[in-house]
Amino acid sequence: MKLFHISDLHIGKILHEVNLLEEQKFVLEQVLALADLHMPDGILIAGDVYDKAVPSAEAVKVFDTFLSKLAERGLSVFLISGNHDSSERIHFASQILQKQNVFIKGIFDGKLEAIKLKDKEQTVSVYLLPYIRPFDVRPYYPEEEISSYDQAVRTVLSHTVIDETEVNILVAHQFITGAVSSESETVMVGGIDNIGADAFSMFDYVALGHLHRAQKVKREAVRYCGTLFPYSFDKNEGKKSVTMITIGQEKEISVDTFAIHPRHALRTVCGSLQEVLSGESSEDYVKAVLTDGEDQVDVVPKLRGRYPNLLTIEFEGRKRAALAGLANAEQIAERAPLELFAEFFEERSGQKLEEEDRQLVERMMRELSEGGEGR
């Protein structure tokens with residue numbers, strides 16, 4: 001038996017004001033083409049279907065088309081909600097869709113139940129665990145101490161009865177300790193959402209979503225499949241692929257990955273303005289990191305002439321100068337908040353704060369300060 005594993009589609013995502021729907025449709029078509037080639041029995045979709053809890057109508061249509069094409073191919077679909085999704089929206093019509101072998105778990109209802117996937121030789125039990133937080137779990141287990149994400153997941157799994165003679169697969173959307181994260185994810189400060197990989201020892205394969213890099217965690221069968229499209233310029237995102245597991249005799253599971261090729265990749269070009277402009281032109285989405293120490297005039301039009309899909313610019317020389325001038329917290333404390341904000345704005349946008357905007361920010365800061373004093 002063969003199963004595809006994908007996650008973190010983030011349909012409808014906007015990256016630096018660019019809507020990525022066309023890019024997402026392009027990679028989803030590649031998933032369908034790979035399904036036609038390798039003919040899996042089902043597909044595991046491990047959360048973050050949409051980028052926002054309230055997705056646009058266009059984003060919903062893209063996923064509806066993808067889901068319909070999977071159903072037309074006779075694939076069983078196993079789908080959970082992620083932290084970016086609205087649990088209720090993902091869960092909608094789940095009972096009706098079961099008749100098309102589309103199994104959806106958007107809302108956590110206190111228990112995990114096996115969904116049986118059978119062929120002539122094997123029975124595979126798939127368990128769907130949507131993204132959960134401690135407060136999602138406490139109402140169902142009031143006698144248990146649940147103060148962390150780790151305790152929440154372990155409590156749910158400890159109350160799950162599985163048949164160890166079958167192949168047992170868990171689909172989950174959580175952060176596992178030891179995994180490599182990247183800039184495009186929402187990871188909690190201090191690692192409070194961390195869950196130990198040993199919590200999943202009862203499962204033969206754990207199909208994870210949440211992190212955007214394809215990777216195993218602790219053992220081969222606990223895996224993030226990564227995104228189908230790069231959502232940041234961070235090299236930690238790695239190459240994009242579809243993960244396929246093949247379940248053999250005696251519960252033997254092998255893992256293969258098949259490359260996904262986005263229509264436009266994300267690329268970083270670095271150097272002085274002159275060096276960057278003399279580089280090879282590209283239609284990729286580009287981040288330009290300029291190392292010139294001095295300000296440049298009309299940077300964006302110049303760069304767009306060579307890189308039409310320029311998304312953002314960073315001024316490395318200016319950043320180094322700012323860091324050198326603010327070597328410690330005492331120096332920062334001595335500077336006016338408006339001055340710091342204006343410098344931050346210029347560093348992030350590549351443009352100086354206009355006088356009208358400067359006055360608006362100054363007024364807002366004054367009102368906030370006065371409001372705080374009043375309390």
Side-chain angles (χ1 to χ4, degrees), residues 1-8 43-48 78 80 82-83 108 112 114 124-134 137 146-228 234-248 250-258:
M1 188 180 295
K2 294 184 290 189
L3 297 172
F4 274 10
H5 170 199
I6 64 174
S7 76
D8 295 86
I43 184 166
L44 314 171
I45 306 178
D48 278 359
F78 303 90
I80 61 170
N83 58 301
F108 178 68
L112 290 185
V124 174
S125 292
V126 180
Y127 296 81
L128 301 180
L129 179 64
Y131 179 72
I132 56 172
R133 294 145 295 193
V137 179
I146 305 172
S147 58
S148 69
Y149 282 68
D150 187 77
Q151 289 173 333
V153 170
R154 289 178 189 271
T155 297
V156 173
L157 298 183
S158 70
H159 288 81
T160 302
V161 179
I162 68 171
D163 184 349
E164 295 185 359
T165 65
E166 297 177 349
V167 175
N168 295 288
I169 293 175
L170 176 70
V171 185
H173 190 94
Q174 305 287 165
F175 184 86
I176 310 304
T177 304
V180 178
S181 60
S182 61
E183 292 177 355
S184 58
E185 300 139 11
T186 304
V187 178
M188 295 191 180
V189 176
I192 61 174
D193 54 346
N194 281 16
I195 298 162
D198 63 301
F200 308 110
S201 59
M202 68 181 76
F203 294 98
D204 300 292
Y205 184 81
V206 183
L208 293 168
H210 192 32
L211 299 190
H212 294 178
R213 179 189 180 96
Q215 59 190 294
K216 66 177 182 179
V217 188
K218 302 298 183 182
R219 62 185 174 102
E220 285 289 338
V222 179
R223 301 188 71 90
Y224 289 99
C225 58
T227 57
L228 299 173
D234 189 343
K235 292 181 180 179
N236 276 347
E237 285 218 16
K239 295 181 178 179
K240 299 306 169 186
S241 61
V242 170
T243 298
M244 184 178 79
I245 65 169
T246 302
I247 305 166
E250 303 299 326
K251 294 184 156 188
E252 181 182 347
I253 294 179
S254 60
V255 178
D256 294 288
T257 57
F258 307 117

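All values reported here derive from a predicted model rather than from experimental measurement.
- Between Thr246 and Met244, the closest side-chain pair of non-hydrogen atoms falls below 4.5 Å.
- Here the side chain of Arg223 pairs no donor or acceptor atom with the backbone of Ala207 at under 3.5 angstrom.
- For the side chain to side chain contact (heavy atoms under 4.5 Å, CB included) with Val222, the lone residue among Val206, Leu170, Asp198 that qualifies is Val206.
- Under a 3.5 Å cut-off, the side chain of Asp234 and the backbone N or O of Glu183 do form a donor-acceptor pair.
- No donor-acceptor distance shorter than 3.5 angstrom exists from the side chain of Lys218 to the backbone of Thr177, with no hydrogens or angles considered.
- Heavy atoms only, all atoms of each residue included: Ser181 and Phe175 are closest at CB-CE1, 4.2 Å.
- Residues Asn194 and Asp150 form no side-chain contact, since every pair of their non-hydrogen atoms from C-beta on lies 4.5 Å or further apart.
- Among all heavy-atom pairs drawn from Ile169 and Phe203, the shortest one is C-CD2, 4.0 Å.
- A donor-acceptor pair is defined here as one N or O able to donate and one able to accept, closer than 3.5 Å; such a pair exists between the side chain of Gln174 and the backbone of Ile132.
- With a 4.5 Å cut-off on side-chain heavy atoms, Tyr127 and Val171 do not count as touching.
- Of the options Ile45, Ile43, Leu128, a side chain to side chain contact (heavy atoms under 4.5 Å, CB included) to Phe78 is made by Leu128 and by none of the others.
- In this structure the side chain of Arg213 never reaches within 4.5 angstrom of the side chain of Glu237, judged on heavy atoms.
- Thr243 is not listed as a side-chain neighbour of Phe4, based on a closest heavy-atom distance of 4.5 Å or more.
- Side-chain contact annotation: Ser147 with Gln151, donor-acceptor N/O pair under 3.5 Å present.
- Tyr205 and His5 share a donor-acceptor pair across their side chains, judged by distance under 3.5 Å alone.
- With hydrogens and angles ignored, the 3.5 Å screen pairs a side-chain donor or acceptor of Asp8 with a backbone N or O of His210.
- No side-chain donor-acceptor contact under 3.5 Å links His173 to the backbone of Pro130.
- Between Tyr131 and Phe108, the distance separating the two ring centers is not shorter than 6.0 angstrom.
- Enclosure of atom NZ in Lys2 by more than 12 non-hydrogen atoms of other residues, nucleotides or ligands within 6.0 angstrom is indicated.
- Put simply, the side chain of Leu129 does not reach to within 4.5 Å of the side chain of Ile80, judged on heavy atoms.
- A donor-acceptor contact shorter than 3.5 Å links the side chain of Asn168 to the backbone of Asp163.
- Within the 4.5 Å cutoff, side-chain heavy atoms of Phe200 are placed close to those of Leu157.
- Side chain of Lys251 to main chain of Asp204: no donor-acceptor pair is present (N/O by atom type, distance under 3.5 Å, no hydrogens or angles).
- Not a single donor-acceptor pair under 3.5 Å links the side chain of Asn236 to the backbone N or O of Val180.
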